[in-house]
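Right, one structure below, let's go through it.
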There are 2 protein chains.
Amino acid sequence: MSEGESCGCCSSSTITPDTDRTCYCPVNGIIDTISKKHALPIVSVLGSNGPTRYNELEEVLGVTSSSLLSTRLNELMSEGLIERQSFDEIPPRVEYSLTSDGKELEERLRPLLEWADEA
Amino acid sequence: MSEGESCGCCSSSTITPDTDRTCYCPVNGIIDTISKKHALPIVSVLGSNGPTRYNELEEVLGVTSSSLLSTRLNELMSEGLIERQSFDEIPPRVEYSLTSDGKELEERLRPLLEWADEA
DNA sequence: CTGAATCCTACACGATACTG
DNA sequence: CAGTATCGTGTAGGATTCAG
């Protein structure tokens, strides 16, 4: 789903043109991001557990394919939602954590998680 | 993504087994649902506009393929998030609206939408 | 341990055409 | 108006292998 295009919800003049409805276009970007596999759990885990290592994420999330986690982490980083810190140790250690944007997202996601848990 | 399977996040005993973390499995179902194209906008529009006809949804959402909207509506109905009411008129009229579950979802989605709008 | 590269498969989506 | 049926395509995801 490309994000730059006109979405029809803000350009539509046919339906209730005088009521100012919200435009849902910006949401699609976020949804696109967090709807990818493991993305939401990553954000949630980092939010509740703090900085977490690659390997820990693999286990906690039950990641099947390692490459998928790698891809997802890179995507979330370029979205500016998480950040990566690597330590010069042997064996190597890398920790991922939420950026302030990521935290903001995690907070606004929480009502959803709680509701999903009940239901 | 199937929903019944063990997800690794609740069965994992390797990582911090004594801290009671939230299980994110239930969320995947919701996310799966609303991440499909037009699903979130449908819920939002029905939430803010009330009962809406098929044709209106097509226009407001800028639906390209009619069959896609049809599919999505059916999915949301079997999820119990929206409901369909058809009127015996000529021409035929059908209105979709949120169920109480759908309204609950829409409310918990709102913080996300607002944040997405700002960013 | 922390990844990246490759290949393959399944499925969501788009386009088109057709029906009550 | 309110859909369904069918088919082609792009891409996310899974499995596997290899590397710093």
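Please read all numbers here as calculations on a predicted model, not as lab measurements. Note: hydrogens, waters and symmetry copies are ignored here, and every other heavy atom, side chains too, is used.
For the pair N55(B) and dG3(D), the criterion of a side-chain N or O lying under 4.0 Å from OP1 or OP2 is not met. Residue R84(A) places at least one side-chain N or O under 4.0 Å from the OP1 or OP2 atom of dG3(C). Proximity of R72(A) to the phosphate of dG13(D): a side-chain N or O atom is located under 4.0 Å from OP1 or OP2. Between R93(A) and the phosphate of dT2(C), there is no side-chain N or O to OP1/OP2 separation shorter than 4.0 Å. Between Y54(A) and the phosphate of dA4(C), there is no side-chain N or O to OP1/OP2 separation shorter than 4.0 Å.
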**Item:** Reading 5' to 3' through nucleotides 14-20 of chain C, protein heavy-atom contacts under 4.0 Å coded B for base, S for sugar-phosphate only, - for none
**Value:** SB----B
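As rounded to whole Å, 16 Å separates atom C1' of dA12(C) from atom CD1 of I31(A). Taking atom CD on E95(B) and atom P on dC1(D), their separation rounds to 14 Å, with Å as the unit. Summarising the geometry, the separation between CG on N74(A) and P on dT2(C) is reported as 14 Å, rounded to the nearest angstrom. To the nearest angstrom, C1' of dA12(D) lies 16 Å from CG of L73(A). K36(A) places its NZ atom 16 Å from the C1' atom of dG14(D), with the value rounded to the nearest Å. Look at CD on E58(A): it is 12 Å from P on dA4(C), rounded to the nearest Å.
Among residues two or more places apart in sequence or in another chain, the salt bridge (charged side-chain N to carboxylate O under 4.0 Å, His left out) test is passed with E106(B) by R110(B). Evaluation of the side-chain hydrogen bond (donor to acceptor under 3.5 Å, both in side chains) rule for T99(B) yields no partner, not counting sequence neighbours.
With hydrogens and angles disregarded, a donor-acceptor distance shorter than 3.5 Å links the side chain of R72(A) to the backbone of K37(A). Judged by distance alone, the side chain of R108(A) and the main-chain N or O of P111(B) form a donor-acceptor pair under 3.5 Å. The closest donor-acceptor contact from the side chain of T52(B) to the backbone of G50(B) lies under 3.5 Å.
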**Request:** May I have the step-by-step check of side-chain hydrogen bond (donor to acceptor under 3.5 Å, both in side chains) for E58(A) and S66(A), ending in yes or no?
**Result:** CA-CA 7 Å; E58(A) 259 189 330; S66(A) 172; 3.2 Å; yes
